[in-house]
Amino acid sequence: MATSSTKTTRQKPAHRGITWEGAERPPAKRWWWFLGFGYVSLVSVLVTISLDNWTFAAVLVVASIALVVTYLGKPHHVQARLTQSELTVNKQAFPLVNYRSFRIDRDDAVVLVPHRLPRLRVLVPLTGDESKDKRIVHAFEARLPFEDSAPDLLDHLIRWLKLS
């Protein structure tokens, strides 16, 4: 009589990752930025009108208004998902192997720091709920090292000029 013994193996549940939604606010600009931008736009429009290029002047006016509306606009919602190997932000995937660490920005956002300088940093806003944000940060800590160092000179310059 043959007995069949089936070995039951427990499979680990697949790690689904963590999903959240945050509000990404447009970068805050200083008053002098708007003043300088308005002056440059006005001079550019006047020069193109003086050259009898009315079409390009109209394009400059529309582009200038669109840029100001963008910076004064409402925050838009960002859907993010962190899995074991990648971060997906609004259906755009960022493999975590391309990033050496992460840090928390002043604006309550996670910043992924790339290995190489020419790559762009990824900034993902947090939810604003302290308990959810702690879970998100712990999930990042399980995948990447936390960088607690001060931002570099380029970060200070970008923040001072309010470019991002």
Side-chain angles (χ1 to χ4, degrees), residues 17-83 85-130 132-133 136-137 139-140 143-144 146-164:
I18 186 168
T19 304
W20 73 94
E21 186 174 321
E24 185 176 40
R25 291 163 187 81
K29 299 291 183 192
R30 298 179 187 207
W31 64 270
W32 55 266
W33 186 91
F34 287 105
L35 188 66
F37 180 75
Y39 177 75
V40 169
S41 297
L42 180 66
V43 169
S44 300
V45 168
L46 291 176
V47 166
T48 55
I49 289 174
S50 69
L51 296 174
D52 286 333
N53 196 345
W54 291 91
T55 306
F56 189 62
V59 169
L60 279 176
V61 168
V62 169
S64 299
I65 291 171
L67 190 65
V68 169
V69 167
T70 299
Y71 282 122
L72 294 177
K74 296 178 182 177
H76 68 282
H77 294 285
V78 174
Q79 293 180 346
R81 178 178 173 79
L82 178 66
T83 62
S85 61
E86 71 180 9
L87 171 68
T88 306
V89 180
N90 289 340
K91 299 181 181 177
Q92 183 178 5
F94 299 97
L96 294 178
V97 296
N98 296 334
Y99 299 93
R100 66 179 169 159
S101 62
F102 80 98
R103 67 174 185 244
I104 305 298
D105 198 7
R106 271 192 242 175
D107 300 328
D108 290 330
V110 174
V111 179
L112 296 181
V113 182
H115 286 292
R116 298 183 197 145
L117 188 60
R119 277 192 198 190
L120 295 176
R121 296 177 179 175
V122 178
L123 188 128
V124 184
L126 295 172
T127 62
D129 182 16
E130 190 174 333
K132 289 181 184 177
D133 291 346
I136 294 168
V137 170
F140 272 105
R143 292 157 179 85
L144 291 171
F146 180 72
E147 182 179 292
D148 198 18
S149 64
D152 56 5
L153 180 63
L154 182 63
D155 286 336
H156 285 297
L157 183 63
I158 288 172
R159 188 172 288 132
W160 183 75
L161 291 174
K162 297 285 186 182
L163 293 176
S164 78

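In plain terms, the two heavy atoms of E86 and A93 that are nearest each other are OE1-CB, 3.5 Å. When every heavy atom of T48 is checked against every heavy atom of V45, the shortest pair comes out as OG1-O, 2.8 Å. The shortest heavy-atom contact between P125 and A23 is CB-O, 3.6 Å. The two residues A80 and V124 come nearest to each other via the heavy atoms CB-CG1, 3.7 Å.
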Take W20 and V78 through the side chain to side chain contact (heavy atoms under 4.5 Å, CB included) test and state the conclusion after the steps.
CA-CA 8 Å; W20 73 94; V78 174; over 6 Å; no
Test side chain to side chain contact (heavy atoms under 4.5 Å, CB included) on L67 and F37 and set out the steps.
CA-CA 10 Å; L67 190 65; F37 180 75; 3.4 Å; yes
CA sep, side-chain torsions, deciding dist, call: V43, V47, side chain to side chain contact (heavy atoms under 4.5 Å, CB included)
CA-CA 6 Å; V43 169; V47 166; 4.3 Å; yes
Please evaluate residues F146 and F140 with respect to the criterion side chain to side chain contact (heavy atoms under 4.5 Å, CB included), reporting the C-alpha separation (whole Å), side-chain torsions for both, the decisive distance (0.1 Å), and the verdict.
CA-CA 8 Å; F146 180 72; F140 272 105; over 6 Å; no
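No side-chain heavy atom of I136 sits less than 4.5 Å from a side-chain heavy atom of L82. Residues V111 and F102 have side chains not in contact (no heavy-atom distance under 4.5 Å, counting atoms from C-beta outward). Using a 4.5 Å heavy-atom threshold, the side chains of Y99 and V113 count as separate. Under the 4.5 Å side-chain criterion, counting only non-hydrogen atoms from C-beta, V110 is not in contact with L123. Using a 4.5 Å cut-off on side-chain heavy atoms (C-beta onward), L96 and L112 make contact.
Atom CD of E21 sits about 6.0 Å away from atom NE2 of H77, to the nearest 0.5 Å. In this structure, CG in L60 is found 11.0 Å from CD1 in I65, a value given to the nearest 0.5 Å. Annotation: the span from L87 atom CG to N98 atom CG amounts to 11.5 Å, rounded to 0.5 Å.
A distance-only check finds a donor-acceptor pair linking the side chain of D133 to the backbone of T127 [under 3.5 Å]. The backbone N or O of T83 sits less than 3.5 Å from a side-chain atom of R143, completing a donor-acceptor pair. Within the 3.5 Å criterion, the main-chain N or O of K91 finds no donor-acceptor partner in the side chain of T88. Side chain of S41 to backbone of G38: no donor-acceptor contact under 3.5 angstrom is found.
Residue F56 qualifies as open at atom CZ: its count of foreign heavy atoms under 6.0 Å is 12 or below.
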